[in-house]
J.: 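Let me give you the structure first, and then I'll get to my questions.
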Amino acid sequence: MTVTAPPGWRPAPLVIAADGSYAARLTGGDGGWCPERWTLDGPEPYAVRLPGTQPEDPDSALVPLADGRVLIGRRADGKCHFSLLYPSGPETGELPLGAVECERLTLLPPAPDGTRVYALAPRARDAATGLSGTALWLVCGGAFGPELVTVLPGPCSGGAWLDRQGRLLALDHTDGRGRTRAVTVDVERGGGPSELLRIAEESNDRLLLADPDSGLLLVRSDAPGGDRIGWAVLGSHRPVRFPEALREDGVRMTPFAAQPGQVLVPEDCGVALRVAAAEGDWVAVWRPGERELRHLAAPEGWLRGTGRWTVEGELLLPFSTEQTPCGLARLSVPGTRREHGVGDVYGWSAEDAVAAASAGEPRGAEAEDVPQQQVGQDGGREFAPQEPASREPGPQDAAQQHDASQNDVGQEYALQEPAPQEQAPPEYRPPAYAPYEEAAPQITKPVPLQQAPLATP
């Protein structure tokens with residue numbers, strides 16, 4: 001989704017709208033690149049091409065909105081020009097939105113309301129301060145075209161929404177020492193970032209995926225001694241955990257979708273991962289409350305790394321082949337083990353997934369069971385969380401507590417307390433995780449992963 005293309009770069013295979021109703025991608029042909037919109041919320045998916053007066057550049061960025069229009073960003077004359085495309089009879093309607101003067105710009109995932117789109121634009125190093133920065137722009141959904149939200153110090157990348165209101169945006173920020181950590185930005189108030197992750201004092205902690213309903217966070221960190229995928233819960237005092245199931249030799253796992261609607265039960269939230277290996281790519285499903293990784297063969301022509309969950313637990317994977325240019329595979333992924341009995345495990349083995357990926361054989365969740373993985377040698381290693389301030393537990397704490405410690409394996413790392421910082425001016429004080437209310441003015445050091453303690457049963 002980057003508007004400048006390095007050598008060998010190709011368009012993102014598919015971008016899905018916030019509510020999953022539409023998707024968009026660039027398709028190539030004899031006439032050049034052309035935007036294509038997919039409709040996914042009907043009985044059968046179908047695609048509509050949105051050709052303009054001339055072919056698009058392969059580095060044009062697309063983001064579909066919930067109303068069916070498609071945001072496109074084109075680079076020309078040192079600026080990024082934005083327009084909304086929509087079908088209008090046999091022609092393509094186009095609504096210009098304005099431009100941002102920059103050499104490079106990255107569109108972020110659409111806000112949860114499905115109408116707003118933000119973008120990151122690096123800024124050159126300031127001659128006076130010697131510091132570079134990243135501008136956060138609202139490029140679609142504003143009142144008068146693109147609007148500058150804030151300028152963040154240093155390079156920023158990534159992008160994930162932490163709340164359903166689309167107010168708290170998480171980014172990966174790199175400081176002057178080259179260390180990358182996830183931070184949050186309040187897009188309504190602007191101002192500076194607030195640190196979200198600090199697993200170890202010198203660790204690089206990136207946010208891979210966030211589910212606003214359950215608060216589940218998937219992170220990649222080198223705190224355990226090498227890059228590992230871990231999970232945590234926003235607002236919980238429990239440590240970040242690095243399960244052994246998410247570490248396999250010879251493959252790279254990347255989460256791309258989380259199951260919505262799992263309020264207060266993050267351990268039951270399904271996560272879909274792309275598993276890339278020399279033999280091919282396939283899909284795996286994992287839940288924090290389970291030790292197993294369920295491997296599933298991807299459909300032929302899967303647009304790799306894209307898909308979404310339904311609330312009911314159905315995994316939807318878009319694919320495109322010569323016979324089916326616009327297809328959507330529906331995989332019924334079984335629920336949690338507590339729904340089927342403690343001893344029941346569903347899925348199939350990694351060896352079968354590799355064989356099917358190499359042969360192109362489609363298989364689903366009905367294949368043979370996955371053997372339970374053994375706990376690694378470091379499986380019992382834990383780091384106790386810091387003691388939070390004491391208070392009287394209330395009924396809300398009992399409703400929010402989740403105990404998945406008996407089902408999880410791997411290393412655990414408590415989030416370290418950030419070093420003391422000087423109090424920032426009021427306009428640069430983003431709130432702690434509070435999507436429904438303004439943050440109290442006395443909050444000076446928000447640590448979203450170490451908030452109030454949970455009640456003890």
J.: Determine whether Pro110 and Pro64 make a side-chain contact, defined as any pair of heavy atoms from C-beta on separated by less than 4.5 Å.
T.: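 Heavy-atom side-chain distance check fails, nothing below 4.5 Å.
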J.: With heavy-atom distances below 4.5 Å as the criterion, would you say the side chains of Val271 and Trp231 are in contact?
T.: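 Answer no - side chains too far apart.
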J.: Is there side-chain contact between His173 and Leu171, with heavy atoms separated by less than 4.5 Å?
T.: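 A side-chain contact under 4.5 Å is absent here.
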J.: Closer than 3.5 angstrom, by distance alone: can the side chain of Thr306 be matched with the main-chain N or O of Leu14 as a donor-acceptor pair?
T.: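 Side chain of Thr306 to backbone of Leu14: no pair is present.
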J.: Which heavy-atom pair separates Arg37 from Pro87 by the least distance, and what is that distance?
T.: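 The pair with the smallest heavy-atom distance is NH1-CD, 3.7 Å.
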J.: Counting only N and O atoms by type, is there a donor-acceptor contact under 3.5 Å from the side chain of Arg69 to the main-chain atoms of Leu95?
T.: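 Side chain of Arg69 to backbone of Leu95, a donor-acceptor pair under 3.5 Å: no, none is there.
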J.: Could you check whether any side-chain heavy atom of Leu331 comes within less than 4.5 Å of a side-chain heavy atom of Val285, counting everything from C-beta outward?
T.: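 No; the side chains remain at least 4.5 Å from each other.
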J.: May I ask you to decide whether Arg274 forms a salt bridge with Asp281, counting only side-chain N to carboxylate O separations under 4.0 Å?
T.: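 The answer is yes: the pair qualifies as a salt bridge.
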J.: Treating Asp172 as the side-chain partner and Leu207 as the backbone partner, does any N or O pair qualify as donor plus acceptor under 3.5 Å?
T.: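 At least one qualifying donor-acceptor pair exists.
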J.: Does atom CZ of Arg252 have more than 12 heavy-atom neighbours, drawn from other residues, nucleotides or ligands, at distances under 6.0 Å?
T.: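 Not buried by this count: 12 neighbours or fewer within 6.0 Å.
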J.: What I'd like to find out is whether the side chain of Trp286 reaches to under 4.5 Å of the side chain of Ile229, using heavy atoms alone.
T.: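 Result no, sub-4.5 Å side-chain heavy-atom pair not found.
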J.: In terms of side-chain geometry, is the basic nitrogen of Glu103 or Arg75 positioned less than 4.0 Å from the acidic oxygen of its partner?
T.: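 Counted as a salt bridge, because a side-chain N and a carboxylate O are separated by less than 4.0 Å.
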J.: Check whether any side-chain heavy atom of Gln262 lies under 4.5 Å from a side-chain heavy atom of Leu216, and answer yes or no.
T.: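 Contact flag for Gln262/Leu216 side chains = no.
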J.: Using a strict threshold of under 4.0 Å (side-chain N to carboxylate O), is an ion pair present between Glu267 and Arg238?
T.: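 No, this pair does not count.
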J.: Would you confirm whether Thr324, through its side chain, and Thr321, through its main-chain N or O, come within 3.5 Å as a donor-acceptor pair?
T.: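 Judged by distance alone, no pair lies under 3.5 Å.
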J.: Return the minimal non-hydrogen interatomic distance between Glu56 and Pro35, and the atom names on each side.
T.: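 Shortest heavy-atom contact: CG-CD, 3.6 Å.
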J.: Going from OG on Ser203 to CZ on Arg179, what distance comes out if it is rounded to the nearest 0.5 angstrom?
T.: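 So the OG of Ser203 and the CZ of Arg179 are separated by 8.0 Å.
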J.: Side chain to side chain contact (heavy atoms under 4.5 Å, CB included) with Trp161: which of Leu168, Val187, Asp113, Leu108?
T.: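 With Trp161 as partner, side chain to side chain contact (heavy atoms under 4.5 Å, CB included) holds for just one option, Val187.
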J.: To the nearest 0.5 Å, what is the distance between OG on Ser221 and CZ on Phe242?
T.: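 The OG atom of Ser221 sits 4.5 Å away from the CZ atom of Phe242.
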J.: So, Asp186 and Arg167, do they make that salt bridge, N to O below 4.0 Å?
T.: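 A salt bridge is present here (some side-chain N lies under 4.0 Å from a carboxylate O).
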J.: Would you call Leu196 and Val183 a side-chain contact if the rule is heavy atoms closer than 4.5 Å?
T.: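 No - every pair of side-chain heavy atoms lies 4.5 Å or more apart.
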J.: Please check this pair: side chain of Ser214 against backbone of Val265, looking for a donor-acceptor N/O pair closer than 3.5 Å.
T.: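 Judged by distance alone, no pair lies under 3.5 Å.
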J.: What side-chain hydrogen bond (donor to acceptor under 3.5 Å, both in side chains) pairs are there with at least one residue in residues 13-22, not counting sequence neighbours?
T.: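 side-chain hydrogen bond (donor to acceptor under 3.5 Å, both in side chains) check on residues 13-22 returns Asp19-Ser21.
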J.: Within the supplied structure, the quantity of interest is the number of heavy atoms (other residues, nucleotides, ligands) at a distance under 6.0 Å from Asp77 CG; does it exceed 12?
T.: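 No, not enclosed.
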J.: Under a 3.5 Å distance rule, please check whether Asp213 uses its side chain to pair with a backbone N or O of Pro260 as donor and acceptor.
T.: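 No; zero donor-acceptor contacts below 3.5 Å.
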J.: Testing the basics here: between Gln259 and Thr310, what is the closest heavy-atom pair and its distance to 0.1 Å?
T.: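 Scanning both residues, the minimum pair turns out to be CG-O, 3.7 Å.
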J.: Measure across Ala121 and Leu105 and return the closest heavy-atom pair with its distance rounded to 0.1 Å.
T.: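 Result for this residue pair: CB-CD1, 4.3 Å.
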J.: Apply the test side chain to side chain contact (heavy atoms under 4.5 Å, CB included) to residues Leu26 and Leu62: give CA-CA distance (whole Å), side-chain angles for both, the deciding distance (0.1 Å), then the verdict.
T.: CA-CA 8 Å; Leu26 283 178; Leu62 300 176; 3.9 Å; yes
J.: Between Glu36 and Leu50, is there a donor-acceptor pair closer than 3.5 Å when you use the side chain of the first and the backbone of the second?
T.: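 No; zero donor-acceptor contacts below 3.5 Å.
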J.: Report, as yes or no, whether the 6.0 Å neighbourhood of atom CD on Glu202 holds more than 12 heavy atoms from other residues, nucleotides or ligands.
T.: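 Yes.
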J.: Measuring only between side-chain heavy atoms, which start at C-beta, is Val219 closer than 4.5 Å to Asp205?
T.: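 SC-SC contact between Val219 and Asp205 ruled out.
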J.: Verify, without hydrogens or angle tests, whether Thr150 (side chain) and Gly191 (backbone) share a donor-acceptor contact under 3.5 angstrom.
T.: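 Yes; at least one donor-acceptor contact below 3.5 Å.
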J.: Roughly how far apart are Glu94 CD and Tyr86 OH, rounded to 0.5 Å?
T.: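 Answer for the CD-OH pair, Glu94 versus Tyr86, is 9.0 Å.
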J.: Run the side chain to side chain contact (heavy atoms under 4.5 Å, CB included) check on Leu217 and Leu162 step by step: do they pass?
T.: CA-CA 9 Å; Leu217 305 178; Leu162 302 180; 4.1 Å; yes
J.: Tell me, with the steps shown, if Asp175 and Arg177 meet salt bridge (charged side-chain N to carboxylate O under 4.0 Å, His left out).
T.: CA-CA 5 Å; Asp175 60 20; Arg177 299 171 56 187; 5.6 Å; no
J.: For the pair Thr180 (side chain) and Thr174 (backbone), establish whether a donor and an acceptor sit closer than 3.5 Å, ignoring hydrogens and angles.
T.: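 No; judged by distance alone, with no hydrogens or angles, the pair does not exist.
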J.: If you draw a 6.0 Å radius around CD in Glu314, do more than 12 non-hydrogen atoms from other residues or ligands fall strictly inside?
T.: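 Counting other residues, nucleotides and ligands, CD of Glu314 exceeds 12 neighbours.
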J.: About how many Å separate CG of Leu296 and CG of Leu273, when rounded to the nearest 0.5 Å?
T.: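 Here the interatomic distance stands at 11.0 Å.
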J.: Please walk me through it: do Arg220 and Thr254 pass side chain to side chain contact (heavy atoms under 4.5 Å, CB included)?
T.: CA-CA 9 Å; Arg220 190 185 299 277; Thr254 305; 4.1 Å; yes
